Q: 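Pasting a structure here, questions to come.
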Amino acid sequence: MPTTESADNDQLFVLTAVLLTPAQFPSVLGDDYPEVCAGLGLEPYAEGYGLVLGQDSEGARWTVATEDVSLVACAIAAWDCGMEYDLSPGEGSIVGAMPGWPLALAVSAPGVPQPHDPQPQEGDPAPLAPPDAEGWGPAQRRLGADEIAMQWAAWREQVDDEDSFAEPGDHAHKGVRRVLEEARGYVNEPPPPGRVRSSFAAGEARTLRVDGPGWSMVARTDDIAFVLLDDEPGEVHPVGRGPALPGLLSSLDELAARPV
């Protein structure tokens, strides 16, 4: 977690920051980039934003959106390496300051009151709040897919038995078949930005993250896929490569949004 710093003249003490671009955004907030932007009241510009989460001198939660994506990306990279970085977006790059936090944080700024939403003024939007991820639903499903992507090796080790795979075909799991059909539809009619994302994996492979109404899929282009469904709480369905999956994953990777 970064050391708190003064971000601007209003003394926003920075706790963390995240990228909000078509290729990188907090999955818990939505299935695609425009959906996440809409939830935050932002226009879904292709260049994206950086979101800076912090507290003011009275302890109130604020989320600052900046167009300086590169600055936020540099700060995140430095913090990930254990280095200090004074994240101070220029006033001209700030799109807006929104009350509240869209993500749950377990930290707070030292020397100020405990985190709380600012006192609303007439006409102010409702404070941002994290999605309810306690019970199974879209947010929890997307978080589950995030976990599989981060812990791929551990999940992959659990499905070495070919009998555990859901294969596309007449006898396939109904929900899995629907997901694969909708994913194929993305190839013919590209979905909203961020529905298909591609990131680095081991070797020359890519990790694909594909989302749709009520489902998420995580896959490696050189391996299998995992499917999660809103209507099957906690269930993870491994999908074997078979004859069709490799081509589908290759086509999805070609249209996927990729981190710059």
Side-chain angles (χ1 to χ4, degrees), residues 1-55 61-98 100-107 109 128 130 142-143 145-147 149-152 192-202 204-211 218 253 255-260:
M1 187 60 58
T3 303
T4 55
E5 298 286 351
S6 174
D8 54 31
N9 292 333
D10 293 327
Q11 290 291 301
L12 180 75
F13 296 96
V14 177
L15 297 176
T16 192
V18 295
L19 293 177
L20 175 56
T21 70
Q24 292 176 276
F25 55 85
S27 299
V28 68
L29 299 181
D31 286 326
D32 55 54
Y33 174 66
E35 181 182 345
V36 176
C37 286
L40 298 173
L42 298 170
E43 291 294 325
Y45 295 127
E47 295 79 6
Y49 306 90
L51 299 181
V52 182
L53 282 62
Q55 293 175 261
R61 306 181 185 98
W62 290 95
T63 298
V64 173
T66 173
E67 294 177 331
D68 197 341
V69 177
S70 296
L71 176 68
V72 173
C74 287
I76 293 172
W79 296 336
D80 286 346
C81 294
M83 301 168 59
E84 292 189 10
Y85 195 100
D86 181 2
L87 178 53
S88 302
E91 186 175 343
S93 75
I94 294 177
V95 177
M98 299 162 279
W101 294 336
L103 303 171
L105 299 185
V107 296
L128 299 175
R142 291 189 292 260
L143 287 173
D146 285 347
E147 180 66 19
M150 290 187 295
Q151 304 292 336
W152 178 269
R195 283 278 179 96
V196 184
R197 288 172 281 161
S198 176
S199 58
F200 291 107
E204 297 182 0
R206 304 287 298 184
T207 295
L208 292 181
R209 175 61 183 275
V210 190
D211 292 278
V218 184
D253 187 46
L255 62 85
R258 299 186 175 211
V260 178

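Note that the coordinates shown come from a computational prediction; the quantities given were computed from them, not determined experimentally.
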Q: Which value, rounded to the nearest 0.5 Å, describes the distance between Y85 atom OH and D80 atom CG?
A: 13.0 Å
Q: Evaluate the criterion side-chain contact (heavy atoms from CB on, under 4.5 Å) for residue pair L51 and L103; output intermediate values, then yes/no.
A: CA-CA 11 Å; L51 299 181; L103 303 171; over 6 Å; no
Q: With side chain to side chain donor-acceptor pair (under 3.5 Å) as the rule and sequence neighbours excluded, what pairs involving residues 32-49 come up?
A: D32-R195
Q: Give a yes or no answer on whether the side chain of R142 reaches the backbone of S27 with a donor-acceptor pair at less than 3.5 Å.
A: yes
Q: Over all heavy atoms of both residues, which pair between A109 and F13 is shortest? Give the atoms and the distance, please.
A: CB-CB, 3.9 Å
Q: Any chance you could measure Q55, atom CD, to L15, atom CG, to the nearest 0.5 Å?
A: 5.0 Å
Q: Restricting to non-hydrogen atoms, name the atom on A104 and the atom on P130 that form the minimum distance, rounded to 0.1 Å.
A: N-CG, 3.5 Å
Q: At their closest point, which heavy atom of S198 faces which heavy atom of P259, and how far apart are they?
A: O-CD, 3.2 Å
Q: How long is the straight-line distance from SG of C74 back to CE of M83, given to the nearest 0.5 Å?
A: 10.5 Å
Q: Evaluate L20 against L40 for side-chain contact (heavy atoms from CB on, under 4.5 Å), listing each step before the verdict.
A: CA-CA 11 Å; L20 175 56; L40 298 173; 3.7 Å; yes
Q: Rounded to the nearest 0.5 Å, what separates atom CD1 in I76 from atom CD in Q24?
A: 8.0 Å
Q: D86 vs E84, test: side-chain contact (heavy atoms from CB on, under 4.5 Å). Steps then yes/no.
A: CA-CA 7 Å; D86 181 2; E84 292 189 10; over 6 Å; no
Q: With the side chain counted from C-beta on, respond yes when R209 and T207 share a heavy-atom pair under 4.5 Å apart, and no when they do not.
A: no
Q: Ignoring hydrogens, what is the shortest heavy-atom contact between L12 and W62? Give both atom names and the distance.
A: CD1-CB, 3.8 Å
Q: So P102 and L53, do their side chains get closer than 4.5 Å, heavy atoms only?
A: yes
Q: List the residues meeting side-chain hydrogen bond (donor to acceptor under 3.5 Å, both in side chains) with S199, not counting sequence neighbours, and say none if there are none.
A: none
Q: Does a donor on one side chain sit under 3.5 Å from an acceptor on the other, for T66 and D68?
A: no
Q: Ignoring hydrogens, what is the shortest heavy-atom contact between C37 and P44? Give both atom names and the distance.
A: SG-CA, 3.8 Å
Q: So which atom in A145 and which in V218 form the shortest heavy-atom distance, rounded to 0.1 Å?
A: O-CG2, 3.4 Å
Q: Name the one of L128, V36, V18 that satisfies side chain to side chain contact (heavy atoms under 4.5 Å, CB included) with L29?
A: V36
Q: Yes or no on side-chain contact (heavy atoms from CB on, under 4.5 Å) for R206 and F200, after CA distance, side-chain angles and deciding distance?
A: CA-CA 5 Å; R206 304 287 298 184; F200 291 107; 3.3 Å; yes
